There are 2 protein chains.
Amino acid sequence: MIEVLKQHIVKRLGNDIQNLDFVLSKFKLVEAKRNQQLLMQGETCKYVYFVAKGCLQVYVHDSEMSETTRDIVTEDNWCSELISFGSGQPAMENIRAVEPSQLLAIDRKGFQEMMESVPQFDKVYRQILEASYANSVYRINTFVSLSALDRIKWLMEFRPTLMTRISSKLIASYLGIHKDVFSRLKAKL
Amino acid sequence: MIEVLKQHIVKRLGNDIQNLDFVLSKFKLVEAKRNQQLLMQGETCKYVYFVAKGCLQVYVHDSEMSETTRDIVTEDNWCSELISFGSGQPAMENIRAVEPSQLLAIDRKGFQEMMESVPQFDKVYRQILEASYANSVYRINTFVSLSALDRIKWLMEFRPTLMTRISSKLIASYLGIHKDVFSRLKAKL
DNA sequence: CATCAACGATGATAAAAGTCTATGTTTTAC
DNA sequence: GTAAAACATAGACTTTTATCATCGTTGATG
């Protein structure tokens, strides 16, 4: 499993990194069961997860006690509640495994040590943060002005695998529409 | 004007900062006229702006060639297209002055020098990035599930001054609803 | 493998949001 | 100061989305 992470890092920072194995040793393997809660709103987010296999959902509870999903994270991507992880403040969001997942988790201490031991890794946090930010901005700019139908078309274009992999209920909460509407519109495509 | 920025920095990092005046000298005053374009999509974003006075709009052109506003930035806040500023890639967004504004602009070179001359400022970029990220995440999590009416209520609670200060058209594009709907619902409150 | 719960699709209906037109008002620009 | 342009509101109407109930299917669990 750690191999997946190794390749991810090499792909980003090149393969002339010293102490790479030392860095990798800071990650511990977490096997998450389907529907397992990894972070609850109000807790401090203790880990940054690298998703080696499986799928995670980042969500909040909205006013009607249903879920609004901000992100669905699949293989070869990072997942965390970065604001909480970085500051130690209570998390605003929840994270759960949608599928049985294999995660590589690093805690704050490990993160610090990683950054100290390999200067290049000083950029990793920033890279993750920037990527997350870009992702959020993109999501706001596209979704705010799109109709339900166009959101579905967007999903089919940019994240097509989710359509077959994930439940309609979850997709709907990610697209910000109701599951009935999703079902009906999807049939008309 | 520079005084506003000075106080902003002291408020955040404390007032025992060496070289503060050197740092401040890296910023140049920009007087922006009403509706002046500060960044166009496709250009590289060259500056981070501190808004000393006035109001900026960050927006994209959506499919119907109307505008979707991701953020409205008022006094004592930072404004930029950070992804482009940090990477040099073409900006995805536009920035314009909504009101005649007084801005303190720092370019990438100045930013670098600032970070080198005052170690504490190494955190400034991260702080700005984190704040921007938190802002985006918050916006997604609240807005995706809110009705038009609830979005207006949200605005009145959390950004009440915008209601009187900014045109209905702009507010509507910020809330992701149509100006007619905004006008009608507002009347019913 | 049998049972119960969750899921997905669909029809009927209600509510919300969008569109278009018109009209009076405020701003802007000359 | 005046003409033109942009803006705000309101009514009538259309389209989109939400809600609710039903039913067959799938899937998890003991």
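Everything numeric here is computed off the predicted structure, so don't read it as measured data. Here is the naming used below: chain letters follow the sequence lines, and residue numbers restart at 1 for every chain.
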Return all side-chain donor-acceptor pairs below 3.5 angstrom for residues 179-189 of chain A, not counting sequence neighbours, or 'none' if the list is empty.
none

Whole Å only: how far is the [atom1] atom of [X] from the [atom2] atom of [N]?
{"X": "B:Asn35", "N": "D:dA6", "atom1": "CG", "atom2": "P", "answer": "11 Å"}
{"X": "B:Lys188", "N": "D:dA10", "atom1": "NZ", "atom2": "P", "answer": "10 Å"}
{"X": "A:Lys169", "N": "C:dA6", "atom1": "NZ", "atom2": "C1'", "answer": "8 Å"}

Subject >> Stepwise salt bridge (Lys or Arg N to Asp or Glu O under 4.0 Å) check, A:Arg139 with A:Asp71 >> reply: CA-CA 10 Å; A:Arg139 192 156 178 218; A:Asp71 207 359; over 6 Å; no
**OP:** Compute the bend angle of the helix from C:dC1-D:dG30 to C:dC30-D:dG1 from the end axes (five pairs per end), rounded to 10°.
**Re:** 70°
**OP:** Give me the residues of residues 155-168 of chain A where at least one heavy atom lies under 4.0 Å from an atom of DNA chain C, by number, or none.
**Re:** A:Ser167, A:Ser168
Subject >> Test applied, side-chain contact (heavy atoms from CB on, under 4.5 Å); reference residue, A:Met114; option that passes from A:Phe22, A:Tyr125, A:Phe27 >> reply: A:Phe27
Original post:
Going 5' to 3' along nucleotides 10-30 of chain C, which nucleotides have protein heavy atoms under 4.0 Å from the base (write B), which only from the sugar-phosphate (write S), and which from neither (write -)?
Top reply: BBB----SBBB-------S--
**OP:** Look at the side-chain heavy atoms of Ile, Leu, Val, Met, Phe, Trp and Tyr, link any pair under 4.5 Å apart, and say whether B:Leu39 and B:Ile128 land in one connected group.
**Re:** no
Original post:
Pairs in or reaching into residues 47-57 of chain A: which pass side-chain hydrogen bond (donor to acceptor under 3.5 Å, both in side chains), with residues at least two apart or in two chains?
Top reply: A:Lys28-A:Tyr47, A:Gln57-A:Glu67, A:Gln57-A:Thr69, A:Gln57-A:Arg96
Subject >> salt bridge (Lys or Arg N to Asp or Glu O under 4.0 Å) between B:Lys26 and B:Glu116, worked out >> reply: CA-CA 12 Å; B:Lys26 297 295 172 190; B:Glu116 282 160 18; over 6 Å; no
Subject >> Results of salt bridge (Lys or Arg N to Asp or Glu O under 4.0 Å) for A:Lys109 - residues two or more places apart only >> reply: A:Glu113
**OP:** Step by step, work out the side chain to side chain contact (heavy atoms under 4.5 Å, CB included) result for A:Leu38 and A:Leu56.
**Re:** CA-CA 9 Å; A:Leu38 295 165; A:Leu56 306 185; 3.6 Å; yes
Original post:
Quick check: are there more than 12 heavy atoms from other residues, nucleotides or ligands sitting under 6.0 Å from CE of B:Met40?
Top reply: no
Original post:
Is A:Lys186 touching bases, backbone alone, or none of the nucleic acid, heavy atoms closer than 4.0 Å?
Top reply: sugar-phosphate
Original post:
Hey, what's the ring geometry for B:Tyr174 with B:Trp154, parallel, tilted or perpendicular (30° and 60° as the breaks)?
Top reply: tilted
